[in-house]
Amino acid sequence: MQYNITLKILIFSLLFLIFSCRTNKVPENSHLFTGNTYKYLDAKGKPYADELDNYVKQKPNKKIFFYVPLKLWLYDLSNAKFDSVYKDYYLVDKEQRSLKLLDSLYLKYNLDSYVGKSRWLDRFIYSKGEPPVLVDSAMANSSAKNLNQYFINRGWRKSQVIDTILTSGKKATVQYNIKLGEPMIIDTIIYDVSEEINANIYNGYLRFKNRVNPKKLKKNYTKEEILQNFYQKLSLLKKGDRLDAYLMGDEITQLDNQFKNMGYFGFNDLKDEVIFYVDTANSINHVPVTLSIKKSPYTLPSPTSASGDSLQGSNDSISKDRAKAVFKKFKYEKINVTLLNNQTDDNKESIVDSSYFINKKKFIRFENGKKVKSYIEDTVAFIINKSDGRYRDRVLADMLAIGMGKTYRLNAETETRRNIYKVNNFNLLGFNTSPEKGSDSTLISNIILMPMNKYSYEIGLEAFTSSVANFGITPNLTFTAKNLFRGAENLNVTFGGSLGNIESKKNNNRLFNASEFNTQVSLSFPRFLAPFGLRDKMPKSWGPSSAISVGYNAQFNIGLDKRSYNAGFLYNFSPTRSTNHQISLWNLQYTQFLNPDNYYNIYTTDWAGVNGMREIYFTVNPSMREEYESGKITNEQLQHIIANDPNFRTEVEQKAPQYWDQYNLLESRRYRFTQNILISSFQYSFTYDQRLKYFPPKHPFYLRAQMELAGNMLSIFNKSFKDFETSNNKVVKEIFGVPYSQFVKFDFDLRKYWNLSSKKSIDAHFFMGIGLPYGNSFSMPFDRSYSVGGPNDIRAWRAFGFGPGASKLSGKNGYELIAIDNFKLLTSVEYRFPLPSNGFFGALFVDAGNIWGINNDSPYKFKFDSFYKELGIGGGWGIRWDISNFIIRFDFAYKFYNPQRDLGDRWYFKHINILQPQFNFAIGYPF
């Protein structure tokens with residue numbers, strides 16, 4: 001087997017070399033261009049290496065699978081003497097191509113003997129091919145100039161880039177020799193800003209100071225300190241940094257956004273109000289930089305809105321006091337929301353013109369250190385509702401993060417767009433904001449909406465394979481009904497399931513021996529469903545929503561089979577673009593196992609461990625064997641007797657403690673897998689993703705924290721509940737014959753992305769999760785327990801592949817080992833980089849982690865002084881295919897350190913077979 005694989009690799013390599021060396025159609029005295037290389041001639045590193053290709057004009061022939069120029073090979077395979085014929089033939093429109101045209105071209109190029117011959121195969125190969133790209137010295141010289149200017153813009157004074165063509169036979173590469181020169185360093189940064197902007201910033205600080213509790217103010221700042229702190233906080237440029245024109249451009253963009261969010265509509269739209277000046281009079285290496293923010297006396301209002309939509313009548317909004325040329329803040333004078341009627345072509349009918357008022361809002365602020373209450377009744381917008389009562393006016397007003405009389409804020413318009421898309425009831429046909437005619441400080445905003453179709457459906461079908469399933473298919477159907485109660489509520493009904501084939505102890509001769517059916521019904525509301533006026537207290541810019549859901553799931557697979565029922569009520573809102581809160585006030589789940597007695601027939605490895613302990617017990621108590629084999633004692637009773645025999649336990653723990661730990665672990669697993677359970681919980685999750693910011697930092701991070709509390713409300717009624725004896729002989733409280741779960745669970749997920757360049761990064765992931773059963777539970781439910789392994793975890797092991805701790809329990813097949821427990825640590829580091837073929841990226845990664853118990857009686861309890869010896873460590877390489885931000889991922893992983901092996905033999909390098917990795921296929925990045 002090994003010999004055959006090696007032979008195939010050698011044959012493929014030989015064919016690759018043969019074809020890649022073909023240059024039959026490269027003209028005499030010309031060279032096939034194979035690529036660009038970059039050589040730095042000084043020791044300043046290799047900055048922006050992956051960006052340089054963007055400034056080089058000539059590109060080699062396209063490749064597939066990273067290195068194979070398939071189209072060039074096809075072109076090279078076609079007969080060269082027909083190239084002129086085929087070239088002219090394919091220049092003609094497809095409808096005009098014919099054998100008659102081909103014959104005329106044969107005659108034109110003195111190929112009379114081929115008249116009447118189609119040569120369709122040779123033509124087909126030619127048409128799918130690509131002519132060789134020939135090295136062009138003029139393009140190389142022009143590219144060198146582009147690169148030279150690029151490095152100068154990056155702040156390298158007197159940089160030099162010289163192109164050199166390197167030939168080898170009929171092939172050539174272009175090498176660009178780069179000398180960076182000396183960097184230009186920012187010596188000082190001076191802020192020269194219009195006085196009206198500085199006054200507004202300082203007055204804003206004074207208003208803030210007057211509103212907050214004086215005890216929270218640590219210091220009284222001067223006006224100069226306030227302004228300096230404001231601009232420095234915004235600035236991407238720092239004293240001592242290299243003078244980078246690209247970074248200056250980013251800073252101008254950030255300043256544009258900042259001032260547009262302060263009310264300055266159209267700020268710097270003509271790119272003449274924010275300018276950097278560099279003074280090189282005294283020094284070329286250390287230069288002072290001045291940031292000028294001034295209003296040009298000749299600046300006209302921008303002809304486009306901040307949202308990019310065309311404006312009408314912008315010339316009418318020229319400032320009357322043009323000579324002063326000052327920056328002014330804008331407010332919304334009028335907001336028109338027009339809802340068209342998609343039921344009729346005549347949208348001029350049924351116009352209802354009305355204004356909509358929100359309820360009185362109470363505000364609490366500080367004035368001179370004292371709390372002051374105030375109320376405001378505000379007009380949000382003018383609603384032009386042509387939907388014939390299909391939608392209430394308030395639905396349209398609730399989507400607006402902007403409002404009449406409010407100061408213009410660019411992000412508020414972005415939030416309004418987000419709310420419209422999130423409601424999923426309207427198509428946004430227009431969103432135009434422009435200065436009011438004859439005014440230099442008021443705006444009119446026009447929003448035009450069209451209702452979507454009330455009913456829609458989606459059909460999906462996926463195929464899958466895994467370490468457990470040989471293959472499977474998952475069909476699903478989703479039906480959506482929009483605007484159920486005239487308030488933009490959406491009803492979603494999903495029917496789905498799967499049919500698959502798994503290695504099973506039963507029905508192994510059937511093509512589909514595993515199946516699943518599920519249905520989920522959810523009703524979403526674009527607002528908070530809450531009493532006591534909480535709905536109006538939630539800012540509309542947060543995009544609040546609520547949802548009620550119920551669902552059912554049935555699985556028929558390896559013999560246990562189960563049914564699950566769920567219901568929930570949750571809130572969702574996003575105070576900022578990068579933060580999200582989700583609160584599940586009520587989350588109910590009931591799981592019922594249909595064949596719990598079949599557990600040991602399926603998990604035969606577990607049965608071997610349990611039966612081994614029984615044999616030891618029968619050796620000590622032979623009379624018990626007779627009672628068991630005669631049927632006087634059941635399996636459940638025997639397990640209870642063994643677990644509660646203190647003398648036997650003491651003896652086993654003294655002679656072979658690992659056997660007793662293993663027995664307890666197996667029994668704990670059996671209980672989690674077979675016990676019907678009821679979960680009633682409260683969940684809260686918080687997500688913060690710096691990558692979603694309008695201006696994300698260079699090295700962003702992601703944080704997700706989640707908490708779940710289960711069973712606390714039910715425990716209040718414990719005295720009225722009946723006692724219930726579980727399958728492992730514990731007594732708990734039950735509801736309708738089912739024990740309810742009581743636990744607290746915390747998950748902490750942190751990710752950091754170090755972007756080395758635009759396409760290269762080092763990314764790290766850390767996860768910690770803990771589940772603490774208490775009260776009515778002595779173990780976590782299976783669905784809330786932790787496991788390791790799989791494509792998004794420790795990739796060198798399959799899902800549920802090892803643990804807990806240094807447990808050596810394992811099975812031949814995936815479904816014979818389901819390792820779960822209550823505490824998990826996971827960390828991963830991945831280096832991502834581009835591959836030669838467009839759209840493909842590579843990765844090198846290392847994963848480490850495990851699961852443990854946390855109770856004192858846990859067989860494999862987490863211990864600070866030894867947990868690192870039980871971490872499973874694996875690594876490998878991967879390929880990612882990026883199709884318009886849809887990532888298809890292939891990972892090939894190997895075990896480095898295996899805690900399942902004996903302590904002195906856990907490093908696994910000597911056992912690695914490079915041709916037998918753990919293969920993982922997934923959609924999206926692992927983190």
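- Heavy-atom neighbours of K238 NZ from other residues, nucleotides or ligands within 6.0 Å: above the threshold of 12.
- Of the N and O atoms on the side chains of N572 and Q582, at least one donor lies less than 3.5 Å from an acceptor on the other residue.
- One N or O on the side chain of S546 and one on the backbone of L529 form a donor-acceptor pair closer than 3.5 Å.
- Judged purely by atom type and a 3.5 angstrom limit, S524 has no side-chain atom pairing as donor or acceptor with the backbone of A547.
- Using a 3.5 Å distance cut-off with no hydrogens or angles, the side chains of N432 and N446 do not pair a donor with an acceptor.
- The aromatic ring centroids of Y391 and F426 lie less than 6.0 Å from each other.
- Heavy atoms from other residues, nucleotides or ligands lying under 6.0 Å from CD of E458 number 12 at most.
- A salt bridge is defined here as a Lys NZ or Arg NE, NH1 or NH2 lying under 4.0 Å from an Asp or Glu carboxylate O, and R392 with D398 fails to meet this definition.
- Checked for salt-bridge contact, D440 and K328 meet the test: a charged N lies under 4.0 Å from a carboxylate O.
- No donor-acceptor pair under 3.5 Å is formed between the side chain of K334 and the backbone N or O of I444.
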*asked:* side chain to side chain donor-acceptor pair (under 3.5 Å) for T433 and S445? Distances and angles first, verdict last.
replied: CA-CA 4 Å; T433 301; S445 186; 3.1 Å; yes
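- Note on K239 versus D241: no salt bridge recorded, every NZ/NE/NH1/NH2 to OD/OE distance being 4.0 Å or above.
- Listed for the N490 side chain is a donor-acceptor partner under 3.5 Å among the backbone atoms of V423.
- Side-chain polar atoms of N341 and S387 form no donor-acceptor pair below 3.5 angstrom.
- Ion pairing between D388 and R390 fails under the 4.0 Å rule for side-chain N and carboxylate O.
- By the neighbour-count criterion of 12 heavy atoms within 6.0 Å, atom NZ of K329 is densely surrounded, having more than that number from other residues, nucleotides or ligands.
- Y191 has its ring centre less than 6.0 Å from the ring centre of Y231.
- Side-chain contact check for N200 and Y264: at least one donor-acceptor pair (N or O, by modelled atom type) lies under 3.5 Å.
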*Test log, rule side chain to side chain donor-acceptor pair (under 3.5 Å), inputs D689 and S578*: CA-CA 5 Å; D689 191 348; S578 56; over 6 Å; no
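- Distance alone, capped at 3.5 Å, places no donor-acceptor pair between the S574 side chain and the R577 backbone.
- For S439 (side chain) and S441 (main-chain N/O), a donor-acceptor pair under 3.5 Å exists by modelled atom type.
- For the residue pair T442 / E436, a side-chain donor-acceptor distance below 3.5 Å is found, with atom types taken as modelled.
- D272 and N268 are not linked by any side-chain donor-acceptor pair at a separation below 3.5 angstrom, with hydrogens and angles left out of the test.
- Ion pair K294/D192 flagged as a salt bridge, since at least one NZ, NE, NH1 or NH2 atom sits closer than 4.0 Å to an Asp/Glu carboxylate oxygen.
- Using modelled atom types, no side-chain atom of N476 and backbone atom of F495 make a donor-acceptor pair closer than 3.5 Å.
- For the pair R751 and Y702, the cation-pi criterion (under 6.0 Å, within 45° of the ring axis) is fulfilled.
- Taking the charged nitrogens against the carboxylate oxygens, E196 and K295 have no contact shorter than 4.0 Å, which rules out a salt bridge.
- With hydrogens and angles disregarded, a donor-acceptor distance shorter than 3.5 Å links the side chain of K422 to the backbone of G543.
- Distance alone, capped at 3.5 Å, is enough to place a donor-acceptor pair between the E489 side chain and the F485 backbone.
- For Y571 and F528, the ring centers are positioned less than 6.0 Å apart.
- Remark: K745 engages D747 in a salt bridge, criterion side-chain N to carboxylate O under 4.0 Å.
- By the 6.0 Å contact criterion, NZ on K271 is enclosed, its count of non-hydrogen atoms from other residues, nucleotides or ligands being greater than 12.
- Under 3.5 Å, the side chains of N425 and N483 contain no donor-acceptor pair of N or O atoms.
- The pair E413-K406 does not meet the salt-bridge criterion, since no charged nitrogen lies less than 4.0 angstrom from a carboxylate oxygen.
- Looking only at distances, a side-chain donor or acceptor of R527 sits under 3.5 Å from a matching main-chain atom of G487.
- Ring-centre distance between F701 and Y753: not below the 6.0 Å cut-off.
- Checked options W542, Y688, F686; the residue passing with H581 is F686 (criterion: ring pair (Phe, Tyr, Trp, His ring centres under 6.0 Å)).
- If you look at Y408 and F330, their ring centroids are not closer than 6.0 Å.
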